Structure formats: C-alpha cells, structure tokens
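One structure is given here, and the rest of the page talks about it.
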Amino acid sequence: MKKNLLFIGLLVGGLISFSFVNENKPTAQVEYKVVTVIESIVPNGLGRSRMISANETKDYKDFTTTRSDDKDKDKKNKSKRDEIRVKDYEETKLLNFYNLGGIRFQNIAANDAVMTSKVNAMIAEGWELAFINTGVESEGGKGDGKGIFITRYTFKRSL
C-alpha cells in the first residue's frame, strides 16, 4: 500500500512538474524600422534637410563579404551600388537650421513638429520607439561650409 501511494505521489508530482515545461515556447519575434533625420547646419540656409524612411527591405547578407585567415576561401562580394540602393522610400522635407540671418529657431520648432508627427504616426501603427542615435558631421576647417546633424530613430514592433 505504501509503495502504491509513493508511486502515485511520484507520478502526480512528475506530471505536475512536467506541465510547467513548454517545449514549444514561441520566441518573441520583432521587426525593426529606422527613420533617419538629416538637418543641414550649412550657413546661409544653403543645405538640404530631410526625414528619410525606407519602404523596402534589403538583406545585408546579399552585400556582405566574409573574411577569414584562409585567403583561398574569401570571396569578394560583387554587388553593384545600384543593387544596394533603395528606390522606394519616403522623403519628408524639413527646414534648415540656418538662413541668411543665422540660426533660425522657428525652423527648429517646425522640424520638431514634423518629427513628432512621424513618431506619433508610427506609434499609432503599433511601433515602439526603441533607440535614438545622433551625430554631427562638420568639416571644421577654415570657412567650415559643410555640416549635417543626423538623428536615427529605431522603432520595433512585434510580428
């Protein structure tokens, strides 16, 4: 009798423990989308400012070369620039930071309003703002006539 109770107890305990194990756990699947904002910091308002968002996808593997110590196995990627280019994208006009009078704060406020609209629209479509990266590129030499301020917004959503 004790053996039967012990066996039944172990069997029930094992079944209960096993019920918490799920071998077919779905892995969280997410997709990412990057929106890039380029704002001109060229004096006199001569630059171009835009918000760019690709509508098509590319597989990075199609344009990648794998390097190793074994030179015989290295195969150079023969991709043409035209194959890498994305031709289906959104381009939203923005205002430049500068005009003939110098820095233009109204332009910055206008750009903020347009970018906020894009962020809000993407959130309404189920995207979540995951990361923001910024950078400035400027010649910095005498006359410093070139420069951009770039911001990349990375969004993600569940599939």
Side-chain angles (χ1 to χ4, degrees), residues 19-71 73-159:
S19 69
F20 290 107
V21 176
N22 183 357
E23 291 181 26
N24 296 326
K25 282 185 181 177
T27 57
Q29 298 220 358
V30 295
E31 65 177 322
Y32 290 90
K33 183 170 181 76
V34 175
V35 175
T36 300
V37 174
I38 301 168
E39 295 173 280
S40 171
I41 53 176
V42 175
N44 300 324
L46 297 175
R48 292 176 36 199
S49 298
R50 300 286 188 270
M51 182 167 38
I52 306 295
S53 176
N55 292 330
E56 63 183 86
T57 60
K58 296 283 184 172
D59 186 347
Y60 80 95
K61 293 176 187 175
D62 294 338
F63 316 110
T64 302
T65 299
T66 302
R67 303 286 184 194
S68 67
D69 288 338
D70 188 357
K71 301 293 182 201
K73 290 187 179 182
D74 287 351
K75 294 197 172 153
K76 186 176 178 183
N77 186 287
K78 304 277 185 179
S79 300
K80 304 262 189 277
R81 293 170 61 92
D82 192 58
E83 296 170 351
I84 300 171
R85 280 196 182 91
V86 171
K87 295 177 178 137
D88 183 14
Y89 65 95
E90 290 180 359
E91 179 180 311
T92 305
K93 284 187 177 183
L94 297 173
L95 300 173
N96 298 328
F97 280 175
Y98 291 98
N99 66 9
L100 289 174
I103 193 164
R104 183 88 168 146
F105 296 108
Q106 286 177 324
N107 291 3
I108 295 168
N111 289 355
D112 287 352
V114 172
M115 289 183 280
T116 300
S117 172
K118 177 69 171 182
V119 170
N120 287 336
M122 294 205 51
I123 288 172
E125 294 171 9
W127 294 95
E128 174 188 343
L129 183 57
F131 309 104
I132 301 173
N133 297 305
T134 62
V136 176
E137 176 59 39
S138 181
E139 185 177 286
K142 187 176 181 179
D144 193 24
K146 299 176 185 169
I148 60 169
F149 185 78
I150 186 168
T151 306
R152 285 212 161 105
Y153 298 86
T154 304
F155 293 88
K156 70 177 185 176
R157 70 176 170 188
S158 299
L159 294 174

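All values derive from a computational prediction rather than experimental measurement. Position 1 is the first residue of the sequence, and the numbers go up from there.
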Exercise: identify the closest heavy-atom pair between Tyr60 and Thr64: O-OG1, 2.6 Å

Lys118 with Glu90: basic N within carboxylate O range, under 4.0 Å: yes

Pairing of Arg157 and Glu31 as salt bridge, 4.0 angstrom limit: yes

Smallest separation among heavy atoms of Val35 and Ser53, with atom names: CG2-OG, 4.0 Å

Over 12 non-hydrogen atoms of neighbours within 6.0 angstrom of CZ in Arg50: yes

Sole candidate of Val34, Thr36, Ile132 that passes side-chain contact (heavy atoms from CB on, under 4.5 Å) when paired with Thr154: Val34

Shortest non-hydrogen separation from Val30 to Tyr32 and the atoms involved: CG2-CE1, 3.6 Å

Glu137 atom CD, neighbour heavy-atom count above 12 within 6.0 Å: no

Over all atoms of both residues, closest heavy-atom pair of Glu39 and Phe97: OE2-CE2, 3.1 Å

N/O donor-acceptor pair under 3.5 Å between Ser49 side chain and Ser40 backbone: yes

Asn111 side-chain N/O to Leu95 backbone N/O, donor-acceptor pair under 3.5 Å: yes

Over all atoms of both residues, closest heavy-atom pair of Tyr98 and Ile41: CE1-O, 3.6 Å

Donor-acceptor under 3.5 Å (Lys33 side chain, Ala54 main chain): yes

Trp127 and Leu129, any side-chain heavy atoms less than 4.5 Å apart: no

Crowding at CD, Glu91 (>12 non-hydrogen neighbours, <6.0 Å): yes

Whether over 12 other heavy atoms sit under 6.0 Å from Lys156 NZ: no

Lys58 side-chain N/O to Glu83 backbone N/O, donor-acceptor pair under 3.5 Å: yes

Any side-chain heavy-atom pair of Tyr153 and Met122 under 4.5 Å: no

Side-chain (Thr116) to main-chain (Asp112) donor-acceptor, under 3.5 angstrom: yes

Tyr89 atom OH, over 12 foreign heavy atoms within 6.0 Å: no

Distance, nearest 0.5 Å, that separates CZ of Arg152 from CD1 of Ile38: 7.5 Å

Side chain to side chain contact (heavy atoms under 4.5 Å, CB included) between Met51 and Thr151, worked out: CA-CA 9 Å; Met51 182 167 38; Thr151 306; over 6 Å; no

Which atom of Phe155 lies closest to which atom of Val119, heavy atoms considered: CZ-CG2, 4.0 Å

